Amino acid sequence: MRIGELADRAGTTTRTLRYYESRGLLPARRAVNGYRTYDEDDLRLLRQIRTLQDFGFDLEETRPFVECLRAGHPAGDSCPASLAVYRAKLAELDALIDQLSSVRAQVGAQLLRAEAQQQAGPEPRCEFGG
């Protein structure tokens with residue numbers, strides 16, 4: 001298939017496909033007429049990349065999954081390098097969750113303090129505008 005059809009089937013743009021090609025994630029095969037040519041395996045690579053990006057993986061983090069598929073494995077996450085990326089991403093997500101939990105606790109404490117002050121005294125005058 002040609003680049004436009006692959007882009008349509010993968011739900012992306014030809015510009016994105018050219019970028020992936022420049023990064024070595026998508027093969028750069030050309031027909032005798034000079035047009036880029038792709039097959040179902042390339043579509044599978046793209047779907048793997050898109051799924052991982054939807055999960056928050058950056059483009060470089062998708063490389064081990066793509067290489068795993070290119071090596072002939074039925075799934076991009078069946079290779080040790082892919083599993084290592086999963087582990088690193090989980091550690092990153094856990095750290096973000098911990099950070100957000102801490103911020104949430106601080107905001108909750110501030111809210112309780114503000115509500116307690118409001119209950120203790122006269123209602124403050126809040127004027128907006130000029």
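Worth saying up front: this structure is predicted, and the values here are computed from it rather than measured. Here, residue 1 is the first one in the sequence, and each next residue gets the next number.
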Applying side-chain hydrogen bond (donor to acceptor under 3.5 Å, both in side chains) to Gln117 and Arg113, what does each step give before you reach the verdict? CA-CA 6 Å; Gln117 283 180 344; Arg113 182 196 54 76; 3.0 Å; yes

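- Taking 4.5 Å as the limit, every side-chain heavy atom of Tyr38 sits out of range of all side-chain heavy atoms of Arg2.
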Report the C-alpha separation of Cys79 and Glu67 in whole Å, then their side-chain angles, then the decisive distance to 0.1 Å, and conclude whether the side-chain contact (heavy atoms from CB on, under 4.5 Å) test is met. CA-CA 9 Å; Cys79 295; Glu67 290 172 356; over 6 Å; no

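- Inter-residue side-chain proximity for Arg18 and Leu26 is flagged as unmet; no heavy-atom pair is nearer than 4.5 Å.
- Aromatic ring centres of Phe55 and Tyr86 lie farther apart than the 6.0 Å criterion allows.
- Considering Arg29, Arg47, Arg9 as possible partners of Asp42, the one that fulfils the side-chain contact (heavy atoms from CB on, under 4.5 Å) test is Arg29.
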Under the criterion side-chain contact (heavy atoms from CB on, under 4.5 Å), I'd like the reasoning laid out for Lys89 against Phe57: C-alpha separation, chi angles, the key distance, then a yes or no. CA-CA 8 Å; Lys89 182 55 76 177; Phe57 288 71; 3.6 Å; yes

May I have the step-by-step check of side-chain hydrogen bond (donor to acceptor under 3.5 Å, both in side chains) for Arg23 and Tyr19, ending in yes or no? CA-CA 6 Å; Arg23 298 289 306 267; Tyr19 179 68; 2.7 Å; yes

Can you list the steps and then say if Arg30 with Thr37 is a side-chain contact (heavy atoms from CB on, under 4.5 Å)? CA-CA 6 Å; Arg30 300 225 180 224; Thr37 61; over 6 Å; no

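- Two residues are said to be in side-chain contact when any heavy atoms from C-beta on lie closer than 4.5 Å; Gln53 and Asp58 fail this criterion.
- Proximity of Leu45 to Pro27: side-chain heavy atoms (C-beta onward) are separated by under 4.5 Å at one or more points.
- Annotation: side chain of Met1 is not in contact with side chain of Arg36 (no heavy-atom distance under 4.5 Å).
- Linking ILVMFWY side-chain heavy atoms closer than 4.5 Å, directly or via other members, places Leu6 and Leu52 in two distinct hydrophobic clusters.
- When side chains are defined from C-beta on, Tyr20 counts as touching Leu59, because their heavy atoms get closer than 4.5 Å.
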